[in-house]
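See below for the structure under consideration.
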Amino acid sequence: MSSDFWIILTACLVAALNALLGSFLVLRRMAMIGDAISHAVLPGIVIAYFLSQSRATLPMLVGAAATGLLVTALIEFLNRKVKLQSDASIGISFTFLFAVGVIMISYFGTNIDLDQECVLYGEIAYVPMYNIAVGGMDLGPRQVWIVGSVLLFSIVSVIWGYNRLAVTTFDPEFAASVGINVVFWQFFLMGGVSLSTVVSFESVGAVLVIALLVGPAATAYLITNRLTPMIVMAIIAGVMASVIGYYLAKYLNASIAGAISVVIGIQFAITIVIVSIRRRYNRLKYEPSQNAPV
Amino acid sequence: MIKEIKEPVIEVHNLTVVYDRKPAIWNIDFTLPKGQIIGVMGPNGSGKSTLLKAIMGVVNANTGWVKVAGEDIEGVRKRVSYVPQRQSVDWDFPATVWDVVAMGRFALKGVFKKLNADDRSVIEESLKKVNMYTFANRQISQLSGGQQQRAFLARALAQEADIYLMDEPFAGVDASTEEAIVQLLKQMKKEGKTLLVVHHDLHTAQNYFEWLVLLNTRLVASGPLTEVFDTALLEDTYGGTLTTLTKVAELLDKNDMPMRHK
């Protein structure tokens with residue numbers, strides 16, 4: 001199969017995964033925690049790489065999930081116990097961990113096949129270069145399988161915990177009052193974000209993953225009024241942006257991840273315009289009957 | 001004036017909750033009777049919300065314990081319903097009124113359980129009791145303050161509990177909603193429910209409650225309304241601010257103006 005197909009498929013899977021989890025982050029007003037996690041997983045990845053001496057997937061996932069949860073706990077600790085403002089807690093925690101990761105890479109640089117450029121921006125165009133084969137049969141790029149299985153796992157987890165995720169997002173105090181462990185579901189979600197971030201890493205890098213986490217979810221939030229449609233719409237928006245972004249990048253001969261992020265931004269802007277036009281139109285339509293009894 | 005009763009529905013013993021080194025409630029000790037509408041009153045920052053949260057175990061007590069229906073709260077959660085302050089949630093959340101009320105049913109179920117026909121009829125009934133059935137499919141951001149409060153009450157009704165703890169259900173609602181809520185509370189009392197209601201309007205308190213808990217970080221009084229609604233105790237609770245309140249009330253009475261004109 002052509003490399004176009006594999007790159008687009010990878011982009012779509014990454015976008016869907018981030019849109020799914022990003023929807024909850026946006027509703028919890030924790031979008032920046034997603035940003036923090038995406039940067040803070042770096043030292044975890046380097047340590048996992050160093051210990052396992054390979055770029056095998058499993059150690060990396062474990063390392064990333066561990067540091068992702070660590071930064072979440074650190075932010076919670078600074079915010080709740082030290083009483084530091086939440087934005088300051090986020091800012092100090094993730095830059096510290098990210099910087100530790102950067103130092104690790106440059107220190108072990110000669111021995112480590114991790115590229116800072118790739119960490120920051122990702123390189124989805126290289127995806128078809130690392131195929132996996134079983135018994136001589138080409139099964140397609142490694143990335144597709146990794147992202148695909150994490151996506152499948154996330155979808156199953158979200159469906160399993162859907163009601164708990166919804167109620168702890170909307171009204172955590174009520175959730176606690178009925179005996180739901182709010183902290184568990186917080187870390188459940190953050191664990192998922194850590195996993196999705198690390199598998200998105202190679203494709204889109206630490207900086208642009210936040211566009212995929214927040215953008216499609218924010219667009220969907222504007223045009224839907226229930227949780228399930230919002231998540232579905234976010235996934236659709238992310239997939240759409242990936243396809244359009246790929247061809248835009250090809251046309252401009254530019255970075256694919258960058259183009260996808262730009263399309264996400266444009267998508268969001270267009271949605272704002274449509275929503276405000278629709279609102280104005282509705283207001284005009286209902287104006288005469290505004291005083292009618294409800 | 002702290003009146004103790006036998007076989008209380010809620011028993012609070014030596015309860016202290018400290019936020020950031022400053023006590024929110026200090027050494028609270030009382031017992032509450034079953035099947036009554038009980039008001040919790042006190043000035044702003046007197047620990048009313050904290051008391052409710054501590055009873056539910058939503059905030060941890062630094063000292064003391066709480067027993068609900070003679071048991072630790074963990075054992076009786078399904079019999080107790082907590083209605084947080086309306087302003088504590090984001091009403092722009094993508095959900096309909098139905099979705100919010102359904103949370104009251106999901107609360108009783110395990111993870112990954114669907115609503116059955118029984119659950120749906122309970123949700124429907126709950127919505128009808130607060131006159132919100134016609135708004136079931138409305139998005140919650142489209143609701144007025146009074147409608148939001150009704151949606152919260154419907155969620156509580158859907159839990160089918162015996163004991164209800166409500167944080168400021170009358171805050172920022174219009175007169176007709178207030179009246180509707182009062183009628184609902186009275187109906188619930190008739191069905192044998194116990195209602196613990198945080199309230200801050202002294203003028204209406206006399207008409208709403210049978211038992212009153214007066215709080216100002218410390219417990220000032222707990223007892224039947226007739227014994228607790230007393231100038232000295234209220235002044236103790238509200239400090240100097242009460243005199244201004246009384247003056248305003250007298251003035252309004254003289255001019256024969258409706259007290260709660262909104």
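A, B, ... follow the sequence lines: proteins, then strands. Residue 1 opens every chain.
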If you tally heavy-atom pairs under 4.5 Å between each of B/Val83, B/Ile55, B/Asp92, B/Leu165 and chain A, the highest tally belongs to B/Asp92
Applying a heavy-atom distance below 4.5 Å, give me the residues of residues 167-176 of chain A that approach chain B, sorted by number. A/Val167, A/Thr169, A/Phe170, A/Asp171, A/Glu173, A/Phe174, A/Ala176
Just checking A/Phe96: does its CZ atom have more than 12 heavy atoms from other residues, nucleotides or ligands closer to it than 6.0 angstrom? no
Cut-off 4.5 Å, heavy atoms of chain A, and the answer for B/Val59 is neither
Might you confirm whether atom CH2 of B/Trp26 has over 12 heavy atoms from other residues, nucleotides or ligands at distances under 6.0 Å? no
Which of B/Lys113, B/Arg155, B/Gln142 touches chain A most, by non-hydrogen pairs under 4.5 Å: B/Arg155
To the nearest 0.5 angstrom, please state how far the CD1 atom of A/Ile180 sits from the CZ atom of B/Phe106. 10.5 Å
Can you tell me which portion of B/Ile140 sits under 4.5 Å from chain A's heavy atoms? Options are side chain, backbone, both or neither. side chain
CG of B/Asp99 to CG of A/Leu227: how many Å apart, nearest 0.5 Å? 8.0 Å
Tell me, yes or no, whether the heavy-atom count around B/Lys189 atom NZ, taken from other residues, nucleotides or ligands under 6.0 Å, exceeds 12. yes
More than 12 foreign heavy atoms under 6.0 Å from CG of B/Asn44: is that the case here? no
Check whether B/Gln159 gets within reach of chain A through its side chain, its backbone, both or neither, counting any heavy atom under 4.5 Å. side chain
Do you know the tightest heavy-atom contact between A/Met230 and B/Pro94? SD-CG, 3.7 Å
Nearest 0.5 Å, please: how far is NZ in B/Lys114 from CG in A/Asn163? 7.5 Å
Sub-4.5 Å side-chain heavy-atom contact between A/Val178 and B/Lys78: no
How about B/Met132: does its CE atom have over 12 heavy atoms from other parts shown lying under 6.0 Å from it? yes
If you count the non-hydrogen atoms of other residues, nucleotides and ligands that lie under 6.0 Å from CZ in A/Phe153, is the total more than 12? no
Counting only N and O atoms by type, is there a donor-acceptor contact under 3.5 Å from the side chain of B/Arg77 to the main-chain atoms of A/Ser177? yes
Working to the nearest 0.5 angstrom, can you tell me the gap between B/Lys109 NZ and A/Arg164 CZ? 10.5 Å
Verify the neighbour count for atom CG of A/Leu84: are there more than 12 heavy atoms of other residues, nucleotides or ligands below 6.0 Å? yes
Region of A/Lys83 in contact with chain B, defined by heavy-atom distances below 4.5 Å: side chain
